[in-house]
Amino acid sequence: MATESSTVAVAGDANSTEPWSARVRTLTRLGRHRESLALLRHGDPSPPPHALALPASVISCAALSLPSGVAQIHALAAKRGLLPAADAYLLSALLTSYSRLGCLPLAHQLLDEMPLESTPHTTLRTAFNSVISGCALHALPVASFALFRRMRAAAVGFDAVTLLALVPATPLSVVPQVHALAARVGLATETSVANCLMSTYARGGAFGAALARRVFDEMPLASRDLVSWNAVLSAHAQNGLAVDALELYRRMRSPEGSGVEPDAVTIVGVLSSAAHLGARGVGFDVEHYVRQRIPGFHTNVQLCNALINFHARCGSLPRAQQLFDEMPRKSIVSWTALITGHGMHGNGDVAVSLFERMVSEGIRPDNVAMVALFSACSHAGLYDEGRRYFSAMESVYKLRPTLEHYTCMVDLLGRAGRLEEARELISSMPMPADGAVWGALLGACKIHKNVDVGEEAFTRVIELEPKNVGYYVLMSNIYTDTGQLDCVARVRAMMRERGLKKEPGCSYVEHKGRVHLFMADDHSHPQARRIYELVIRLELMVKEKSGMRESEVAAAKGRMEKAAAQPLVGIHSEKLAVAFGLLNTEAGSEIVVIKNLRVCGDCHSFLKVVSATTNRAFLVRDASRFHRFDGGVCSCKDYW
DNA sequence: CTAGGGTTAG
């Protein structure tokens, strides 16, 4: 034992008793690459460098990004007759190093020189694996697939390592075939391969997430490790399946997770889903877990970004800001998350100054940061700033606007009432407008009750997205607002013919750790009777307070109900959620409501008046932003 | 002594 520790202590030292070739290897293993190469170059020439030293030196050259060094050792080895296949380790080290350094022609050449008949299959497999992973690493998916085919043609069996390199480089549509091939040799349920398949499938939208789920379900329980859980959870989180992601998190923490402890990667996926859904309780619990169990989380940029995003999108801007301030190093994502949060809360000026601070700290904005900025300008009615930044986007920041940027700008111009200007912007686009762009124009026409432009936008948008119900509802609401009830009926008929149903509105409130979900005209809550009584009482109070204008709305509603069989407006879910909040909280508290659709005008004025008389603040996150109702006014200043 | 798996913002 004493000798072993002294060997370690002097490893690589000049006075070590090791043969010097072994010392080269030791230095490489310790990551002391320069010393290792120096020893190779200037070491005792007798005995000459042993075969043992050469692979190590190759690895050191690769670690130091020295392709010429690799080539020199390659030449030396060739002179000694160690190649093409006499020394499998050396060959392997050369192939890996060439591949990693991007010298793929050399790697290919070396591979081609190998005698297929006389080389052991394990050596061949490793050689192919090295080059396949090199091609994958350097974005040459076609080449890596060609090598895989050659490998199979030469009857060289593949293993898990082959698949780990190949699968991520395979076009998504072909992955199921490789998957089937892996399954045939029993590799598909191997932990590393299954994890790799799941993360690759995760790139394929909701359908990909379902395939990832299947891989996960088919894994033997004992093979699932932390990465498996993270991969399947992220597959759902990244593809908008937030509810499933949270359900997976719950399962992971149950006995089924068999002691797997969430790590920062798990948490990032969970927080993303919680932020999406407005699942505040989940996010708060997870943050508690982070503070207890993930030491030094402040230095984990991605984790902090996920927390900032969660707080910004779930109503706690000060906590987002505090986390941001506490980060020793921030990324553009940190800035963007905070800008988005301020944008959603209507603090356009704060968003703009954050953006300016970001730029002055030397961070070049990217496309996502620009979207956040435009959307913040849009919600705050910052027309001039929006226009200015839009033109700066190309000229100053060298970013080409994408469809998303045009969508934001159409929204910004449209909300500001400049419908013609928005229409012109669409005509000037260098690419065809998509549904979102026309949809933004349609949304603006709803705000400004513009039937003509609205009809054009509607025609275009339903050509592009005939199944998106929201656009039919918007058009129908424009007709309702302008009293064209025959047209309302026509749009409804279109919806019926196409088998489209209005997406039901729902709102929820969290209270004492439980989620209370309400749908429009929903009576299923245990307190439903008291909730409805309160809503009716409050509506009466609101009507008295706001007099004529409300009665006009009621009259319009009455006319509409006569014209169509089904009323469009019943008791919307946010009224129920707020009434529940009023019944279950003390005066002075804030009631947070998360809603899937946008707040309608009627509910908006209702909530303003109610906030003035009940000594509560209501923070409502709807489909596009936050509204904070307090003392009779809304933070959106009625601009939304 | 060689090849290798999961992550964020709109």
Side-chain angles (χ1 to χ4, degrees), chain A residues 21-22 24-26 28-29 50-59 62 87-97 99-100 122-123 125-134 136-137 158-168 190-200 202 212 225-235 237-238 263-273 275-276 300-310 312-313 320 331-341 343-344 366-376 402 404-405 407-408 436 624:
Chain A
S21 287
V24 169
R25 191 184 64 181
T26 305
T28 294
R29 276 202 206 146
H50 192 267
L52 196 65
L54 295 180
S57 304
V58 170
I59 291 162
D87 185 336
Y89 292 134
L90 176 59
L91 181 73
S92 210
L94 283 169
L95 282 167
T96 310
S97 302
S99 301
R100 281 227 188 116
T122 48
T123 308
R125 178 155 52 237
T126 305
F128 273 105
N129 284 353
S130 297
V131 188
I132 289 175
S133 93
L137 193 68
F158 60 88
D159 63 6
V161 179
T162 320
L163 295 170
L164 295 180
L166 185 73
V167 169
E190 192 118 307
T191 304
S192 64
V193 175
N195 292 350
C196 175
L197 283 167
M198 288 191 282
S199 56
T200 304
D225 67 0
L226 174 60
V227 176
S228 317
W229 283 97
N230 286 348
V232 71
L233 194 151
S234 308
Q238 284 164 14
D263 69 352
V265 176
T266 322
I267 300 301
V268 167
V270 173
L271 281 173
S272 158
S273 299
H276 208 84
N300 184 330
V301 178
Q302 282 105 317
L303 181 53
C304 287
N305 291 345
L307 279 167
I308 293 171
N309 179 50
F310 167 75
R313 300 177 64 92
S331 73
I332 187 167
V333 178
S334 331
W335 290 92
T336 306
L338 200 57
I339 291 171
T340 301
M344 288 177 73
D366 65 3
N367 280 337
V368 185
M370 297 310 295
V371 168
L373 178 66
F374 294 151
S375 140
T402 68
E404 261 184 311
H405 300 102
T407 302
C408 283
S624 79

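Chain identifiers are assigned alphabetically (A, B, ...) following the order of the sequence lines, protein sequences preceding nucleic acid strands; residue numbering begins at 1 within each chain.
Between the CG atom of A/L95 and the P atom of B/dC1 there is a distance of 19 Å, given to the nearest Å. Protein atom CZ of A/F128 is 21 Å distant from nucleotide atom P of B/dT2, rounded to whole Å. Between A/D225 atom CG and B/dG4 atom P the separation is 18 Å, expressed in whole Å. Distance A/D159 CG to B/dG4 C1': 10 Å, rounded to the nearest Å. In this structure, A/M198 atom CE and B/dT7 atom P are separated by 11 Å, rounded to whole Å. If you take CG of A/L91 and C1' of B/dT2, they are 9 Å apart, rounded to a whole angstrom. The distance from atom CG of A/N195 to atom C1' of B/dG5 is 6 Å, rounded to the nearest whole Å. Remark: P of B/dG6 and CD1 of A/I267 are 19 Å apart, rounded to the nearest angstrom.
Each of B/dA3, B/dT2, B/dG6 was ranked by its minimum atom distance to the side chain of A/S199; first place goes to B/dG6. Here B/dT7 is the nucleotide among B/dT7, B/dA3, B/dG6 with the atom lying nearest to any side-chain atom of A/Q238. Distances were taken from every side-chain heavy atom of A/I332 (C-beta onward) to each of B/dA9, B/dA3, B/dG6; the shortest belongs to B/dA9. Listed nucleotides B/dA9, B/dT2, B/dG10 differ in distance to A/D366; the shortest reach to its side chain belongs to B/dA9. Distance from the side chain of A/S130 is smallest for B/dA3 among the nucleotides B/dC1, B/dG5, B/dA3. Which of B/dG10, B/dT8, B/dA3 sits closest to the side chain of A/E404 comes down to B/dG10. Distance from the side chain of A/T340 is smallest for B/dG10 among the nucleotides B/dT7, B/dG10, B/dA3. Closest approach to the A/V161 side chain among B/dG5, B/dA9, B/dG4 is made by B/dG4 (side chain taken as heavy atoms from C-beta onward). You'll find that the side chain of A/T126 is closest to B/dT2, out of B/dT2, B/dA3, B/dG5. Set against B/dT2, B/dC1, B/dA9, the side chain of A/T96 has B/dT2 as its closest nucleotide.
In this model, the phosphate group of B/dA9 is approached by a side-chain N or O of A/S272 to a distance below 4.0 Å at OP1 or OP2. Under 4.0 angstrom from either OP1 or OP2 of B/dG5 there lies no side-chain N or O belonging to A/N230. Taking only side-chain nitrogens and oxygens, A/S192 never comes nearer than 4.0 Å to OP1 or OP2 of B/dG4. Residue A/R313 has no polar side-chain atom (N or O) positioned under 4.0 Å from OP1 or OP2 of B/dT8.
Here the straight-line distance linking atom CD of A/E190 with atom CG of A/D159 works out to 9.0 Å at 0.5 Å rounding. Between the CG atom of A/N195 and the CG atom of A/D225 there is a distance of 5.0 Å, given to the nearest 0.5 Å. With rounding to the nearest 0.5 angstrom, the OG atom of A/S334 is 10.5 Å from the CD1 atom of A/I339.
A/T340 places a side-chain heavy atom less than 4.5 Å from the side chain of A/R313. Contact of the A/L271 side chain with the A/N309 side chain is not registered, since no non-hydrogen atoms from C-beta on lie closer than 4.5 Å.
At a threshold of 4.0 angstrom between heavy atoms, the contacts of A/S375 with the nucleic acid are absent. No contact: A/S334 has no heavy atom under 4.0 Å from any strand. Within 4.0 Å of A/N305, counting heavy atoms only, lies at least one base atom of the nucleic acid. Within 4.0 Å of A/I132, counting heavy atoms only, lies no atom of the nucleic acid at all.
Under 3.5 Å, the side chain of A/N367 and the base of B/dG10 form no donor-acceptor pair of N or O atoms. Put simply, the side chain of A/N129 and the base of B/dG4 share no donor and acceptor less than 3.5 Å apart.
A/S192 meets the side chain to side chain donor-acceptor pair (under 3.5 Å) test with no other residue; sequence neighbours excluded.
Dense packing is recorded around NE2 of A/H405, with more than 12 heavy atoms of other residues, nucleotides or ligands lying under 6.0 Å away.
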